[in-house]
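Structure, as structure tokens:
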Amino acid sequence: MRILVVGAGAIGGYFGGRLKAAGRDVTFLVRARRAAQLARTGLVIRSPAGEIELPSPPTIAAENLRAPYDLILLSCKAYDLGSAIDSFAPAVGANTAILPLLNGMAHMDALSTRFGSQAVLGGQCLISTTLDAEGRILHLANPHYLSFGEQDGTKSPRAQAILAALSGAGFDTNLSTAIMQEMWEKWAFIATGAGITCLMRAAFGDIVAAGAVDLTTQMYDECCAIAAANGHAPSQAAIDRSLTMFTAPGSTISASMLRDIERGAPIEADHVIGDLLRRGETAVGERAVLRIAYAHLKSYEARRHREKASAAAA
């Protein structure tokens, strides 16, 4: 199975690197700067699950794509989705499966509109990774789980073939018969985690210590209500897992979006929270905590845009 991994960043580089190290036919679609970095340093993964160094990972530029791939693994940031779709479009053939690992649902709509819903699998991952200054992939905690499946929940022959290709590569893989439900449950969790930690500029445990955990649980209730209004009410097991994390005293967990804000980087405000609100206007009240969090994130984006414009004009 020919696999094209779009990008070689913290997530795509991790899963793609492990697949390549396990002998799979993997190529990384990267921009010139990352290609030069990989040529110089190789693809390096530092992980408690075992370290990997690929001296010369195979890369390709978008303009050199000529033939379709069997599987496209997509894990870009939401704000790069449009350009990513344009870059890998020449690699999509009649039988290509696209497996996105983004949060939310807007990317599913965009991919289905461009390539047809039959080409798009549901997917999600549970992993904490980042890139260091040298471009090495740092796996920060033990979980490294990838779940995927057909949108209609069937265990199709292509899904089983993809499972075989992804299995035994050094990370946990699951072929789900309820991937859309899983994606909505994760979305409710991610939107709450990003919304509350960015709003409070603090980790879960800090919010608990401040006596404000009720704001976290209220925001999660709002996210779950939106999911339910869209036919995907989170299961009790998912709710219990989420609340355990949100309310844990001393927890240092915070959203990656908060880290992006702290370094002045772009954020996925519209994809993770704005789109959720748009899909549930009647499920939450006008004074929902989620609305306040979204306004906070959009204010950050407005200030960042203004400051960049001022710097460019100076």
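The structure displayed is predicted, hence computed values, not measured ones. Residue indices begin at 1 and follow the sequence shown.
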Given salt bridge (charged side-chain N to carboxylate O under 4.0 Å, His left out), test D260 with R304 step by step and report yes or no.
-> CA-CA 12 Å; D260 290 337; R304 181 175 180 274; over 6 Å; no

If you take all heavy atoms of [X] and [Y], which pair is closest and at what distance?
X	Y	answer
L4	A91	CD2-CB, 3.7 Å
A35	T59	CB-OG1, 4.3 Å
A22	G168	CB-O, 4.1 Å
A203	S254	CA-CB, 4.0 Å
M219	A293	CE-CB, 3.8 Å

Does either side chain, that of [X] or that of [Y], offer a donor lying less than 3.5 Å from an acceptor on the other one?
X	Y	answer
D240	Q236	yes
Q151	S117	no
S176	E182	yes
S242	Y220	yes

Could you tell me whether [X] and [Y] make a salt bridge, using a distance below 4.0 angstrom between a side-chain N and a carboxylate O?
X	Y	result
E53	R46	yes
D109	R114	no
K298	E301	yes

Sorted by chain and number, sequence neighbours left out, salt bridge (Lys or Arg N to Asp or Glu O under 4.0 Å) with R2 holds for none

In chain order, what residues pass the salt bridge (Lys or Arg N to Asp or Glu O under 4.0 Å) check against E150, with sequence neighbours excluded?
->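 Once residues adjacent in sequence are excluded, the partners of E150 under the salt bridge (Lys or Arg N to Asp or Glu O under 4.0 Å) criterion are R158.
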
For residues [X] and [Y]: do they belong to one hydrophobic cluster (side chain heavy atoms under 4.5 Å, members Ile, Leu, Val, Met, Phe, Trp, Tyr)?
X	Y	answer
V5	M1	yes
L146	V120	no
M200	Y300	yes
L101	L166	yes

Heavy-atom side-chain proximity of [X] to [Y] below 4.5 angstrom:
X	Y	answer
T129	L140	no
L297	M257	yes
L43	I137	yes
F204	V213	no
M183	H232	no
L74	L99	no
C76	L81	yes
V6	F28	no

Inter-residue atom distance [X].[atom1] - [Y].[atom2], 0.5 Å rounding:
X	Y	atom1	atom2	answer
I3	F15	CD1	CZ	13.0 Å
Q124	N174	CD	CG	9.0 Å
C198	I261	SG	CD1	3.5 Å
I226	L276	CD1	CG	4.0 Å
I72	L121	CD1	CG	11.0 Å
L175	S156	CG	OG	7.5 Å

Could you check whether any side-chain N or O of [X] sits under 3.5 Å from a backbone N or O of [Y], counting only pairs where one atom can act as donor and the other as acceptor?
X	Y	result
E51	I45	no
N142	A49	no
R291	G285	yes
D132	E134	yes
R34	A8	yes
E222	L290	yes
W187	V272	yes
R136	A133	no
T27	P58	no
S83	D80	yes

Under the side chain to side chain contact (heavy atoms under 4.5 Å, CB included) criterion, do D275 and D270 qualify, and how do the steps go?
-> CA-CA 6 Å; D275 187 51; D270 285 313; over 6 Å; no

How about F171 and Y14: are their ring centres within less than 6.0 Å of each other?
->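 When the ring centroids of F171 and Y14 are compared, they turn out to be at least 6.0 Å apart.
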
For residues Y79 and H271, establish whether the separation of their ring centroids is below 6.0 Å.
-> no

Apart from Y145 itself, its cluster of hydrophobic side chains linked below 4.5 Å comprises L126

Heavy atoms from other residues, nucleotides or ligands near CZ of R31 exceed 12 (cutoff 6.0 Å) = no

Does the side chain to side chain contact (heavy atoms under 4.5 Å, CB included) test come out yes or no for L131 and L138, once each step is laid out?
-> CA-CA 6 Å; L131 293 180; L138 308 181; over 6 Å; no

Check step by step if ring-ring contact (aromatic ring centres under 6.0 Å, His included) holds for F88 and Y69.
-> CA-CA 10 Å; F88 72 73; Y69 283 73; over 10 Å; no

Start with the C-alpha distance between H139 and H144, add both sets of side-chain angles, then the distance that settles side chain to side chain contact (heavy atoms under 4.5 Å, CB included), and finish with yes or no.
-> CA-CA 9 Å; H139 181 201; H144 52 170; 3.8 Å; yes

Between L199 and I292, does a side chain to side chain contact (heavy atoms under 4.5 Å, CB included) hold up when you go through it step by step?
-> CA-CA 8 Å; L199 184 61; I292 299 171; 4.2 Å; yes

